[in-house]
Amino acid sequence: MNLQCLCGKNLDYSDEIVVCPDCGRQNFRCSQCAAPVSLDKDAVAVSCPYCSATLAKKDLSTDKLFFPISFNETNAYEKLHRFLQNRFGIPEDIATEYNPVHISLIYVPLHIYHIKSEMTHDIIEVDTKGIVASNKIWFAQNMDNYKFAVKSKIYYKQDEIKGQIMGVDFDKVTADNRARSYGYELSNKDKIRFNLHGSPNVEIKYDGLIYYPVYEIEYGYKNEKYKGIIDATNGVAIYTEYPMGRKTRYTLRTMGAAYIVLSMIIGILQGIFLWDYISTLIVIGQGIVIGGVIISGSGSRKKGSEEISSSDKKLFLSKLDNTLFYKE
Amino acid sequence: MSFLSVNCKKCGSPLNISPDSLLNICEYCGYAYSSSEIKDIPIYITPSLSKDEIIKSFNSRMANDSNMRNKHCEIVEVKGVYVPLYITNISAYGNWKGTRTEGSGKYRRTVTLTGNIDLYCDFPIIARKYAHEFGLPQIGDFIFRAPFNNFEKIEWQNISLPVLSVDIREEDSELITKDDFVDELGDQIKGNNRLDKFDFFNCKVAALKKNILLFPLWTVVYRYEGGTYRVAVEGGSGNVISAMEPMFNSQRAMYFAGALGLGAVAGILWHIIWLILTNSDDGDVMKIVILILIGMGISLYTAFILSKRILKSVRIESVHNEPTMPVWKKFGLFR
């Protein structure tokens, strides 16, 4: 029986995995549907692309799941650079002074849960949540609210992964508690929406531990260093630090100070014309608070993440009686 | 190479497959590989407009936009994908009871409303757990406006685009569909009837037939003065559904002036309260004072929000704005 490798070489296939002598890929037939499967030389198991059956080598010695990366280090620097270019206040010379210092690929362990939170039989919320299982990453909190693309899992031998694999610091019991906690939060919107009281019935289903790749980037601008975290599967900037240009900082400080001064003038004028000095205090008070907010935005180091939509948000529908396939 | 690659059975071209994907379409010939889990679900497609037509839509939108007309924008990238959707026939029935407040002062009263739910419709959800395509939530209404065809009957070469993979199982899609549908129905009933709250909400939802629809979504990336921004165009009819734009200094100045003005208004409102309190003994006056205090709070809060906008990097305009609750409802005011 013949099997053709992805590189085009015809292979004699019996009943075992055949390693292509030209490219090193592993070739075999799916035990469930007999479809041809051509696999990276380092992988030990994979889901069949045709019937989704999990196929594994008989001597499988690992059960670690890794997500594949979609682009290399050079692309990661470019994605970060592109993201920085439209940040408010970014210095004009960032394109020439942006200096990549260090990049590392980190695999972050995530406990994956399917969570169902039921307030009543008819009112439920469902979600898939990744709980970061490492204490040792400084950006764990930024990833806590991030929506991971939970797909495309491939099994790899750990020592063949080119990236730093973070250890698991939270056991499953701790992760269960966090998932359950998240399940209670899921129903908060429904409580307000439907005026419900009490606690929801939360069911959590553990879907396993996976290792999710992110690039940790350090770049330099003039004499300062800044950090960024880029999702290695889709290029989204999860967290970035960036410099604010001197011109923008001075503008914001001036704007903030102008706001405080103008509020004082308006407040004093109101007090004089209305004979009401509490009104003066209110206007000056709000001027100080808001002027302070504007001045606080003039720090030399800013933080941000990418403003793009994710599909955890529902589709916007202006009405519900739409029909496309349903015919009365 | 991290993704599993095989050759297409029909045309022999390389087929990049995500191992967990339940539906893979050959980019070259359109041959569909369905996992056994979804092989019984019919697949439809909304044929996409061409890249040139999408660019024309983008240019037209920029030329007509009050902020971006006469600005030189350079298109950096134009790419489209087909987004997979589960569209489920839904049958929903039940009833609800809620209250709203009408009138003011001594004419204020609580009105109780009831209603029945008896609805048959098609309800869409995105057939992927997470996707970061810009503008994706905005395609909702446009799904129902553009023509569509059975996937097996189309000429793929004329409309080919990469197809995002399906990674939500059919059983999970039913749960998500019911969850999203009930939430949406509750919001719409509340909004249409101006309810303050539900006393009860009872709705039984049955998911009937399921279909998969592939809907085209394009992203145009443009550059303006060193920054890059995105515009989302739905590929069925060519409508621009979401646009990221730079924040101009004139807009920051407007927010600045607006915040300052609202701060002054807060001071004037306080003065009105002081006048009322010192010149009237009427008990009903307290209700007016409370209303004005609320107005003062709203002015100060809105001034604060405007000041935060001064510091934003980009603005996003969408056909549907995020359904944000008005400030007074957020604080339970003006019930």
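- Of the atoms belonging to L213(B), it is side-chain heavy atoms, and not backbone ones, that fall under 4.5 Å from chain A.
- Rounded to the nearest 0.5 angstrom, I115(A) CD1 and I124(A) CD1 are separated by 13.5 Å.
- Proximity to chain A (any heavy atom under 4.5 Å) is shown, for F144(B), by both the backbone and the side chain.
- Counting heavy-atom neighbours within 6.0 Å of F248(B) CZ, excluding the residue itself, gives a total above 12.
- Looking at N211(B), the atoms closer than 4.5 Å to chain A (heavy atoms on both sides) all sit in the side chain, from C-beta outward.
- Only the side chain of K116(A) comes within contact range of chain B, with at least one heavy atom under 4.5 Å from a heavy atom of that chain.
- Chain A forms more heavy-atom pairs under 4.5 Å with one residue of F181(B), F256(B), Y229(B) than with any other, namely F256(B).
- Take V221(B) and apply the side-chain contact (heavy atoms from CB on, under 4.5 Å) test, not counting sequence neighbours, and it matches R82(A), V76(B), E77(B), T219(B), T228(B), R230(B).
- Proximity to chain A is absent for every atom of K209(B), based on heavy atoms less than 4.5 angstrom apart.
- The structure places NZ of K302(A) at 10.5 Å from CZ of R249(A), a figure rounded to the nearest 0.5 Å.
- Contact annotation for K204(B): both backbone and side-chain heavy atoms come within less than 4.5 Å of a heavy atom of chain A.
- Put simply, of D180(B), L260(B), I189(B), L262(B), the one with the most heavy-atom pairs under 4.5 Å next to chain A is L260(B).
- Chosen from C203(B), A266(B), G186(B), the residue pairing most often with chain A at heavy-atom distances under 4.5 Å is C203(B).
- Distance CD1/I272(B) to CG/D276(A): 11.0 Å, rounded to 0.5 Å.
- Both the backbone and the side chain of I268(B) come within contact range of chain A, each with at least one heavy atom under 4.5 Å from a heavy atom of that chain.
- Of the two parts of P124(B), the backbone and the side chain both hold a non-hydrogen atom closer than 4.5 Å to a non-hydrogen atom of chain A.
- R145(B) forms a cation-pi arrangement with F142(B), by the criterion of a distance under 6.0 Å to the ring centre and an angle within 45° of the ring axis.
- Residue V205(B): no heavy atom, backbone or side chain, is found under 4.5 Å from chain A.
- To the nearest 0.5 Å, atoms CG (L262(A)) and CD1 (I284(A)) are separated by 12.0 Å.
- With a threshold of 4.5 angstrom between heavy atoms, E125(A) approaches chain B through its backbone and through its side chain.
- Heavy atoms closer than 4.5 Å to chain A are found in both the backbone and the side chain of I310(B).
- With rounding to the nearest 0.5 Å, the separation of CH2 in W270(B) from CD1 in I282(A) is 6.0 Å.
- Chosen from H271(B), M296(B), E225(B), the residue pairing most often with chain A at heavy-atom distances under 4.5 Å is H271(B).
- Looking at L252(A), the atoms closer than 4.5 Å to chain B (heavy atoms on both sides) all sit in the side chain, from C-beta outward.
- Of the two parts of Y44(B), only the side chain, counted from C-beta on, holds a non-hydrogen atom closer than 4.5 Å to a non-hydrogen atom of chain A.
- The residue among D183(B), D199(B), D172(B), L300(B) with the most heavy atom pairs within less than 4.5 Å of chain A is D183(B).
- At a 4.5 Å heavy-atom cutoff, the contact between Q188(B) and chain A is made by side-chain atoms alone.
- Contact annotation for I125(B): only backbone heavy atoms (N, CA, C, O) come within less than 4.5 Å of a heavy atom of chain A.
- Every salt bridge (charged side-chain N to carboxylate O under 4.0 Å, His left out) that R315(B) has, sequence neighbours left out, goes to E245(B), E317(B).
- In this structure, chain B has a heavy atom under 4.5 Å from the side chain of I266(A), while its backbone stays farther away.
- By the 30° and 60° cut-offs, the orientation of the rings of F198(B) relative to W96(B) is perpendicular.
- Rounded to the nearest 0.5 Å, atoms NE2 (H121(A)) and CG (N202(B)) are 10.0 Å apart.
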What verdict does the salt bridge (Lys or Arg N to Asp or Glu O under 4.0 Å) test give for D187(B) and K190(B), after you've listed the backbone C-alpha separation in whole Å, the side-chain angles of each residue and the deciding distance to 0.1 Å? CA-CA 5 Å; D187(B) 284 343; K190(B) 222 174 175 181; over 6 Å; no
